[in-house]
2 protein chains.
Amino acid sequence: MAGKRGYHHGDLPAALIRTSFEVLAEQGPAAFSVAQVARRLGISTASPYRHFRDRDHLFAAVATAAARELAEAVRAAVDAAGADPAERFAVAGSAYLRFAVGRGVGFDVIYASDLAALRDEELATAGRELMDLFTGLADDTGERTKPESLELVANLIALAHGYAALYRNGLFASGRYRLEDLLAQAENGGRALAATRGARPR
Amino acid sequence: MAGKRGYHHGDLPAALIRTSFEVLAEQGPAAFSVAQVARRLGISTASPYRHFRDRDHLFAAVATAAARELAEAVRAAVDAAGADPAERFAVAGSAYLRFAVGRGVGFDVIYASDLAALRDEELATAGRELMDLFTGLADDTGERTKPESLELVANLIALAHGYAALYRNGLFASGRYRLEDLLAQAENGGRALAATRGARPR
DNA sequence: GTCTATATATTGATAGAC
DNA sequence: GTCTATCAATATATAGAC
């Protein structure tokens, strides 16, 4: 397959998304560029525009894939965590952290305000399902009103995302911090958050 | 002062730092550029290089100023919060969030790994004092070993920074979230974190 | 469907005039 | 100490050949 001379790809759109993840993992969202992705694939900088209208449309496709993969990673981690709701909730936070660091993509990309303007249906759906996953885990931790559940989710996401952001560049990037330790800390934080009001049905 | 023809400034270095804050507040660290700062000040793009060796040295000066102002903002908020240690700790988190959103600068800039290579003594000192402030507040919340205190600080910072990052771009940037609500949520989160093991001397 | 070539914009940084 | 002018990178995006 793809044995002819010149530059070919069985599935360039898929290859573009895959390579975009590589760039994001190594340099983060801010440094992401269509040109760099094209260069890595050994294709011209014009080729991506045959498949994605512009930078943002490629980015949206990457964000959609990321939302799905993140949801899958969280589900897997939670399933492996046992039955205790607070534990499952806490593990969801560390799974987020691990994914965001490893892939260079987090909620900042998946829910980026720039991408919201695109009104991409697939991305919106993937994003909604991802949020539903987290709110479901929060609901299981105790009797809560809907706003209380949402606040709990927001706190967990903020905690995990903050760790990820500061690990990539900032306070925890100095080399004095090991990711494994931060994962454990984020889990402890998640447990503390889950322990607030109503954690166990009264 | 500065009444002569042509472009003058009583204190261009200070004006560069001030204007840098404006750019950061409006566009964030990723979009920060020397050229844009110069444009805003109505000076040539060459002028800043008379006062700062390069982009990173200007950035370091901004980060230093930010570290000091942030420490001041946290101190003021904490002083206004009363005597309860857990409350003071929680308020420090929301003060961080408010500052990071308003100024466009947080621990990602102040402790940026790029700037660490500069070995700027003033920045290092300001950064250390900022961390000491937070660890002091954490220590007051209960009997803790040093690693436990550091973990508590890390959790608070991550929580607050995550909110700030996602408010600027991401989950909370959609317009459906009000900053005041997020500030309250971050404070609740801070209280939950402070309530972990040893929050009150046993 | 991919390429070459190009137009346009922005950036960081320097040399040299005033 | 500020300016004009300039260079080299790098980016997005398009037109047209193959």
Side-chain angles (χ1 to χ4, degrees), chain A residues 1-20 22-24 26-63 104 109 112 114-115 117-118 120 169, chain B residues 1-20 22-24 26-63 104 109 112-115 117-118 120:
Chain A
M1 44 294 275
K4 293 195 235 141
R5 267 257 309 172
Y7 294 117
H8 287 247
H9 293 91
D11 189 349
L12 186 51
L16 286 166
I17 292 173
R18 214 181 323 120
T19 305
S20 294
E22 282 178 32
V23 172
L24 288 165
E26 289 171 29
Q27 317 202 234
F32 172 83
S33 84
V34 177
Q36 193 182 357
V37 172
R39 231 177 290 125
R40 288 206 189 207
L41 275 170
I43 60 172
S44 81
T45 63
S47 296
Y49 291 93
R50 283 286 133 183
H51 305 280
F52 298 97
R53 179 188 300 273
D54 56 25
R55 180 189 188 281
D56 282 354
H57 280 79
L58 170 55
F59 212 68
V62 173
V109 167
D114 314 353
L115 298 187
L118 257 50
D120 183 311
N169 190 57
Chain B
M1 46 294 279
K4 292 197 233 138
R5 266 259 308 174
Y7 294 115
H8 286 248
H9 292 91
D11 189 349
L12 185 52
L16 286 166
I17 292 172
R18 213 181 324 119
T19 305
S20 293
E22 283 177 33
V23 172
L24 288 165
E26 289 172 30
Q27 315 201 234
F32 172 83
S33 84
V34 177
Q36 192 181 0
V37 172
R39 232 179 289 124
R40 287 208 189 207
L41 275 169
I43 60 173
S44 81
T45 62
S47 296
Y49 291 93
R50 282 286 133 183
H51 305 281
F52 297 98
R53 179 187 301 271
D54 56 27
R55 180 191 188 281
D56 282 353
H57 280 80
L58 170 56
F59 212 68
V62 174
V109 167
S113 45
D114 314 353
L115 298 186
L118 257 51
D120 183 311

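Within every chain, numbering begins at 1; the chains are lettered A, B, ... in the order of the sequence lines, protein sequences first and strands thereafter. What you see below is based on every heavy atom in this structure, not just the backbone, and it leaves out hydrogens, waters and symmetry mates.
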Comparing Ser47(B) and Thr45(A) on DNA chain D - which has the more 5′ nearest nucleotide: Ser47(B)

Result for side chain to side chain donor-acceptor pair (under 3.5 Å) between Gln36(A) and one of Glu22(A), Glu26(A), Gln27(A) points to Gln27(A)

Asp54(A) CG to dA11(D) P, in whole Å, measures 16 Å

So what does Ala35(B) hit on the nucleic acid, given a heavy-atom distance under 4.0 Å: a base, only sugar-phosphate, or nothing? sugar-phosphate

In whole angstroms, how far is the P atom of dA13(C) from the CG atom of Leu16(B)? 14 Å

Out of dA13(C), dA11(D), dT10(C), whichever nucleotide has its closest atom nearest the side chain of Arg39(B): dT10(C)

Considering only side-chain heavy atoms of Arg50(A), which listed nucleotide, dT2(C), dC3(C), dG16(C), is closest? dT2(C)

Please confirm whether Arg55(B) makes a cation-pi placement over Phe59(B), using NZ or CZ under 6.0 Å from the six-membered ring centre and within 45° of the ring normal. yes

Could you check how far CG of Asp56(A) sits from P of dA13(D), rounded to whole Å? 7 Å

Starting from P on dG12(C), measure out to CZ on Arg53(B) and report it in whole angstrom. 17 Å

Nearest to the side chain of Ser44(B), which nucleotide is it out of dT11(C), dC3(C), dC3(D)? dC3(D)

Step through the shown structure and confirm whether more than 12 heavy atoms of other residues, nucleotides or ligands are within 6.0 Å of CZ on Arg53(A). no

For Ala61(B), does its backbone N or O pair with a side-chain atom of Asp120(B) as donor and acceptor, under 3.5 Å? no

Does dG12(C) have its OP1 or OP2 closer than 4.0 Å to a side-chain nitrogen or oxygen of Arg55(B)? yes

Take atom CZ of Arg40(B) and atom P of dT10(C), then tell me their distance rounded to the nearest Å. 14 Å

Can you tell me how far P of dG12(C) sits from NE2 of His51(B), to the nearest Å? 17 Å

Whether Ser47(B) side chain and Ile43(B) backbone form a donor-acceptor pair below 3.5 Å: no

Interatomic distance where CD belongs to Gln36(A) and P belongs to dA9(D) [whole Å]: 17 Å

Can you tell me if Ser33(B) touches the phosphate of dT11(C), counting only side-chain N or O atoms and a distance under 4.0 Å to OP1 or OP2? yes

Once you round it to whole Å, what is the distance between C1' of dG12(C) and CG of Leu58(B)? 12 Å

What nucleotide among dG12(C), dT14(D), dT4(D) has an atom nearest to a side-chain atom of Tyr49(A)? dT14(D)

